[in-house]
Structures are given as structure tokens and as C-alpha cells.
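One-based numbering, in listed order, for ligands and for the atoms of each. Reckoned from all heavy atoms, side chains included, excluding hydrogens, waters and symmetry mates. Quick caveat: nothing in here was measured; it's all calculated off a predicted structure.
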Amino acid sequence: MSKPLLDTLTGLPPSRRPVWLMRQAGRYLPEYREIRQQAGGFLNLCYSPHLACEVTLQPLRRFDLDAAILFADILLIPQAMGCDLDFRENEGPVLRKIGSATDVDQLASGIAQLNKTLSPVYDAVSLIKSNLDSDKTLIGFCGAPWTVATYMIEGGTSVERASSRLAAFANEGWLNQLMDKLVSSSVEYLSCQVEAGAEVLQIFDTWSGDLSGELLERYCFAPIAAIRSELKKRYPHVPVIGFARGIGVSQTDFVDACDVDGVSIEWPVNTRWAATNLIDRCVVQGNLDPLSLIGGGEGMLNATRLILNDLPMERHVFNLGHGIRKETPPEHVAELVSFIRAYDGEAKS
Ligand code: CP3
């Protein structure tokens with residue numbers, strides 16, 4: 001059976017426009033909140049293959065989506081490298097800070113050591129794959145080295161990631177070593193996800209917008225390009241989607257430098273600009289403002305219509321411009337997906 005997401009990303013004509021939503025599993029779903037409570041915390045959920053599989057599949061039971069994305073987090077890699085991690089209620093992630101060559105030296109990056117922590121994630125991937133309908137695509141993912149490094153350097157979420165940016169401006173040796181370790185860890189992590197059944201990979205660079213010029217090339221493009229080229233050697237048929245948030249017109253350079261099969265764009269990126277500048281380079285994914293899903297109704301549908309008008313079905317993956325918010329009413333997601341199906345149905349007939 002054909003898989004719309006995989007087909008689109010590999011250049012085959014899809015049977016319909018693929019749709020999935022970043023952070024489609026999560027707190028806006030009551031059934032997720034129930035399982036999370038049962039697990040006794042977010043990290044327990046990530047490391048319990050049966051529960052992680054269950055929450056991964058929850059959104060597909062409710063909505064007519066084309067892909068499942070592994071339920072895990074980009075911060076599992078730092079944890080596996082030996083950087084203590086905790087998720088505190090209403091506070092987000094807290095990590096032990098990294099800020100010197102000694103700190104970086106102590107971090108593990110070999111596959112055997114990483115997998116002591118990460119192997120339950122691969123078990124979750126296999127379970128999800130064996131429970132997934134044959135027309136659905138399974139997406140694996142990791143954070144891009146820059147974004148993951150910022151969480152390690154700042155010790156959690158930070159408003160302007162000042163220590164990380166200062167280290168980048170100073171071209172600190174320890175930052176460059178950290179990036180190298182994150183590149184090799186990410187390659188191993190994604191490879192194990194592919195071995196377990198992931199069919200498409202997405203690399204999330206949530207904070208690449210911190211960077212510009214030479215620093216954008218050094219800390220966003222180069223590490224992602226290194227990960228992509230090693231994966232291409234190992235798994236030439238597995239497509240990779242890049243999400244370099246906030247880099248504006250540098251999206252074209254990003255796609256060229258990183259050789260991605262798809263580029264995920266955030267909502268401020270004009271879709272007519274994307275149609276002119278990105279569509280010939282790779283598939284475009286995006287880019288509805290997740291806030292519009294909270295409001296729902298005509299506001300959401302008008303914004304959706306503009307995206308659908310601008311981006312051709314065979315080169316577009318419908319998605320949000322960033323993760324779904326926890327305040328989102330699930331009914332609005334259902335309304336959004338049926339609207340997209342009806343739009344494409346009318347366009348075909
Ligand atoms: O459904 C999916 O998309 C798959 C799972 C997924 C999660 N996080 C689950 C999660 C994915 C792909 C991520 C990626 C992720 N994690 C990113 C990159 C994408 C982005 O959103 O920019 C980043 C920066 C993180 C780091 C992270 N994880 C933060 C800052 C937080 C706390 C903020 C928050 O939303 O609570 C998390 C927690 C997290 N990751 C949750 C989920 C469902 C909420 C945890 C909970 O249940 O309390």
C-alpha cells in the first residue's frame with residue numbers, strides 16, 4: 001500500500017496530501033494526560049516502550065493523519081551522554097550545565113554507552129511500527145546539535161541563550177568539541193531508530209534563528225550536513241526533513257547545504273516565497289500558526305486555505321509552523337484535517 005508521506009518525500013506522486021502535526025501527541029489530549037499520570041512523569045513515559053507506543057498512536061486514532069512521530073524528546077541524547085536531566089512541572093527541562101573542556105570530555109558519545117539509556121526508545125520504535133497501519137509513515141527524530149547544545153549550556157530553556165551565543169562568537173574549543181560529540185551521537189541515535197523501523201527522520205533546530213552569517217554555517221548547517229551525509233551513506237533511501245526555525249531567507253542555503261529531502265518552515269515564512277524559492281529544491285512542510293488552532297473556526301480555516309492555495313499537493317506536507325499548544329481543543333484538530341481533505345478532494349474532482 002502507498003504511504004502518502006513517504007511517497008511525497010521520495011518524489012512519488014502521493015495518493016493524497018500528507019498531513020501530520022508537530023507535537024501531535026501530548027497534553028492537549030485527555031487520553032495522553034491519563035497515560036502520563038499513570039507513568040508518573042514525562043521521562044518514565046519516554047522510556048516505557050508500551051506506553052510510548054500507546055501515546056504515539058493516540059492522535060492517529062482520533063484524526064485522519066498520515067504519519068506517527070515517535071514519542072520521545074530531543075533531550076534524551078544529553079541524558080544518555082551523562083548530562084543529568086529532569087522535567088519539572090510547569091518549569092520544563094532542567095539539565096546539568098556544560099561550560100568547559102572538562103565538562104565536555106566527561107560526556108559519553110560511543111554507541112554502546114548511549115544505548116544503555118536509549119535502547120527502550122528503539123523498542124518503542126519497533127512496537128509502534130508493528131502496530132501502525134500500512135499506509136502510515138513512522139517518523140523518527142533528534143534535535144539538531146546547536147539546539148541540543150543550547151539546552152546543555154544554559155541548563156534548560158532560556159529566553160535568549162546568551163551563554164551559548166557568546167561561546168559561538170568566541171569560537172570556543174569546548175563548544176566545537178561538544179558539537180562534534182552531538183553529531184556522532186545523533187548519527188548513532190538516528191541509525192538505531194532506522195534499524196528499529198523509522199522510515200523518515202526529522203532534525204529539529206528550534207534555536208537556529210540565534211545564528212547568522214558564518215555562525216549559522218558553522219553551528220547549524222555544518223553539523224546537520226554532517227549528520228545527513230553519514231545517514232545517506234548508511235541508509236540512502238531514508239528521507240530526512242530539516243527544521244531550521246527562524247533563519248528567514250537563509251532557508252534556501254540551509255536546504256542546499258544540508259541536502260535535506262524536506263524543509264519544515266515556521267509560520268512567518270511566506271508560502272508564496274516558499275513556492276518560488278524552496279519547492280524546486282525539496283518538499284516543503286508547514287506552516288500553520290499553532291495559535292490559530294486554539295481559536296479554530298474561520299480564522300484557522302482561512303489561514304489553512306492560503307497555505308493550501310500556495311503549495312502544490314505533490315510537493316507539500318501539511319503541518320504546523322511549530323508544535324501544537326497544550327490549550328488546543330482536539331475538535332479543532334479534527335476540523336482542520338477534514339477541511340484539508342475536503343479542499344484536496346474538490347481540487348481533484
Ligand atoms: O508528538 C511529537 O511531536 C513527538 C514527541 C516530541 C516531544 N518533544 C514530546 C514532548 C518531539 C518531537 C519533541 C521535540 C522537542 N523537545 C523539541 C524540538 C521541537 C520544538 O518544539 O521546538 C524541543 C525544543 C524539546 C525540548 C522540550 N521538551 C521542552 C523545552 C519541553 C518542555 C516544554 C513543554 O512543552 O512542556 C519538553 C517536554 C515535552 N516534550 C512534552 C512533550 C509531549 C511535554 C511533556 C509533558 O507531558 O509534560
Side-chain angles (χ1 to χ4, degrees), residues 19-48 51-60 62-63 65 67-79 83 85-95 121 124-125 128 137-152 154-159 161 164 186 189-190 193 198 200-210 224 241-247 264-267 285-287 290 319-328 330 333:
V19 180
W20 70 280
L21 305 174
M22 287 198 253
R23 294 272 188 108
Q24 63 190 25
R27 287 166 297 189
Y28 73 108
L29 294 175
E31 59 270 35
Y32 169 83
R33 295 196 296 267
E34 202 180 308
I35 302 266
R36 188 177 174 297
Q37 206 179 5
Q38 210 179 304
F42 172 66
L43 285 173
N44 288 344
L45 191 47
C46 294
Y47 293 124
S48 308
L51 298 181
C53 171
E54 171 58 24
V55 296
T56 299
L57 296 174
Q58 283 175 344
L60 284 92
R62 270 190 187 249
F63 314 118
L65 300 165
I69 178 161
L70 164 69
F71 190 85
D73 197 82
I74 65 163
L75 300 177
L76 302 187
I77 285 203
Q79 188 177 38
C83 186
L85 169 69
D86 190 13
F87 276 89
R88 300 197 186 139
E89 215 55 55
N90 305 321
E91 204 185 313
V94 181
L95 295 92
V121 176
V125 173
I128 299 162
T137 303
L138 177 51
I139 306 171
F141 72 92
C142 73
W146 171 256
T147 289
V148 175
T150 68
Y151 284 94
M152 297 171 87
E154 313 293 336
T157 307
S158 129
V159 180
R161 297 160 297 286
S164 312
S186 304
Y189 184 48
L190 293 176
Q193 291 183 35
V200 165
L201 299 168
Q202 176 151 330
I203 301 176
F204 288 89
D205 214 349
T206 305
W207 301 121
S208 45
D210 288 342
I224 296 177
I241 304 171
F243 178 46
R245 194 168 74 109
I247 67 168
S264 202
I265 53 172
E266 68 274 29
W267 69 91
Q285 173 173 281
N287 69 344
N319 206 317
L320 304 179
H322 200 195
I324 202 163
R325 306 277 196 110
K326 65 172 187 287
E327 304 81 7
T328 306
V333 177

Quiz item: Under 3.5 Å, is there a donor-acceptor pair between the side chain of Trp207 and the main chain of Trp146?
Solution: no

Exercise. List the closest protein heavy-atom neighbour of atom 9 (C) of ligand 1: residue, atom name, distance to the nearest 0.1 Å.
Key: Ala72 O, 3.3 Å

Quiz item: Should you measure from each heavy atom of Arg36, which atoms of ligand 1 turn up under 4.0 Å away?
Solution: 46 (C), 47 (O), 48 (O)

Quiz item: Atoms of ligand 1 less than 4.0 Å from Thr206 heavy atoms?
Solution: 18 (C), 19 (C), 20 (C), 22 (O), 24 (C)

Self-check item: Identity and distance of the protein heavy atom lying nearest atom 23 (C) of ligand 1
Solution: Ile74 CD1, 3.4 Å

Self-check item: Residue, atom name and distance, where the atom is the protein heavy atom closest to atom 40 (N) of ligand 1
Solution: Asp73 OD1, 2.8 Å

Self-check item: Closest to atom 35 (O) of ligand 1 (judged by heavy-atom distance), picking from Arg88, Arg27, Glu91
Solution: Arg27

Quiz item: Short list, please: which atoms of ligand 1 are under 4.0 Å from a heavy atom of Leu70?
Solution: 4 (C), 5 (C)

Quiz item: Are the side chain of Arg325 and the backbone N or O of Gly323 linked by a donor-acceptor pair below 3.5 Å?
Solution: no

Practice problem: Give a yes/no on ligand 1: does Gly323 have at least one heavy atom closer than 4.0 angstrom to it? | Solution: no

Practice problem: Considering only non-hydrogen protein atoms, determine which one is nearest to atom 3 (O) of ligand 1 and report residue, atom name and distance to 0.1 Å. | Solution: Arg23 N, 2.7 Å

Self-check item: Sequence-distant partners of Tyr28, side chain to side chain donor-acceptor pair (under 3.5 Å), two or more places apart
Solution: none

Quiz item: Which one of Leu43, Ile35, Asp205, Thr157 has a non-hydrogen atom at the shortest distance from atom 30 (C) of ligand 1?
Solution: Thr157

Exercise. Measure Pro93 to ligand 1 on non-hydrogen atoms and call it side chain, backbone, both or neither using the 4.0 Å cut-off.
Key: side chain

Quiz item: Hey, does His322 sit under 4.0 Å from ligand 1 if you only count heavy atoms?
Solution: yes

Practice problem: Examine Phe141 together with Phe243 and report whether their ring centres are nearer than 6.0 Å. | Solution: no

Quiz item: Backbone N or O of Arg245 within a donor-acceptor pair of the Ser208 side chain at under 3.5 Å?
Solution: yes

Quiz item: Within the structure, does at least one protein heavy atom fall under 4.0 Å of atom 5 (C) of ligand 1?
Solution: yes

Quiz item: Using 4.0 Å as the upper bound for N to carboxylate O, is an ion pair formed by Glu89 and Arg36?
Solution: yes

Practice problem: To the nearest 0.5 Å, tell me how far Gln58 CD sits from Leu60 CG. | Solution: 10.5 Å

Quiz prompt | From the candidates Tyr32, Trp207, Phe87, the one that places a heavy atom nearest atom 38 (C) of ligand 1 | solution = Phe87

Exercise. Name the closest protein heavy atom to atom 11 (C) of ligand 1, giving the residue it belongs to and the distance to 0.1 Å.
Key: Phe141 CZ, 3.6 Å

Self-check item: Side chain proximity check, Leu76 to Tyr47, heavy atoms < 4.5 angstrom
Solution: yes

Self-check item: Close approach of Cys46 to ligand 1, heavy atoms, under 4.0 angstrom
Solution: no

Quiz item: With a cut-off of 6.0 Å (strictly less than), are more than 12 heavy atoms of other residues, nucleotides or ligands near CD of Gln37?
Solution: no

Quiz item: Is there a donor-acceptor contact under 3.5 Å from the side chain of Arg62 to the main chain of Pro59?
Solution: no

Quiz item: Taking side chain as C-beta onward, heavy atoms only, is Met22 less than 4.5 Å from Asn319?
Solution: yes

Self-check item: Best match, Tyr151, Phe42, Phe71, Phe204: closest heavy atom to atom 24 (C) of ligand 1
Solution: Tyr151

Quiz item: Are any of the N or O atoms of Leu75 closer than 3.5 Å to those of ligand 1?
Solution: no

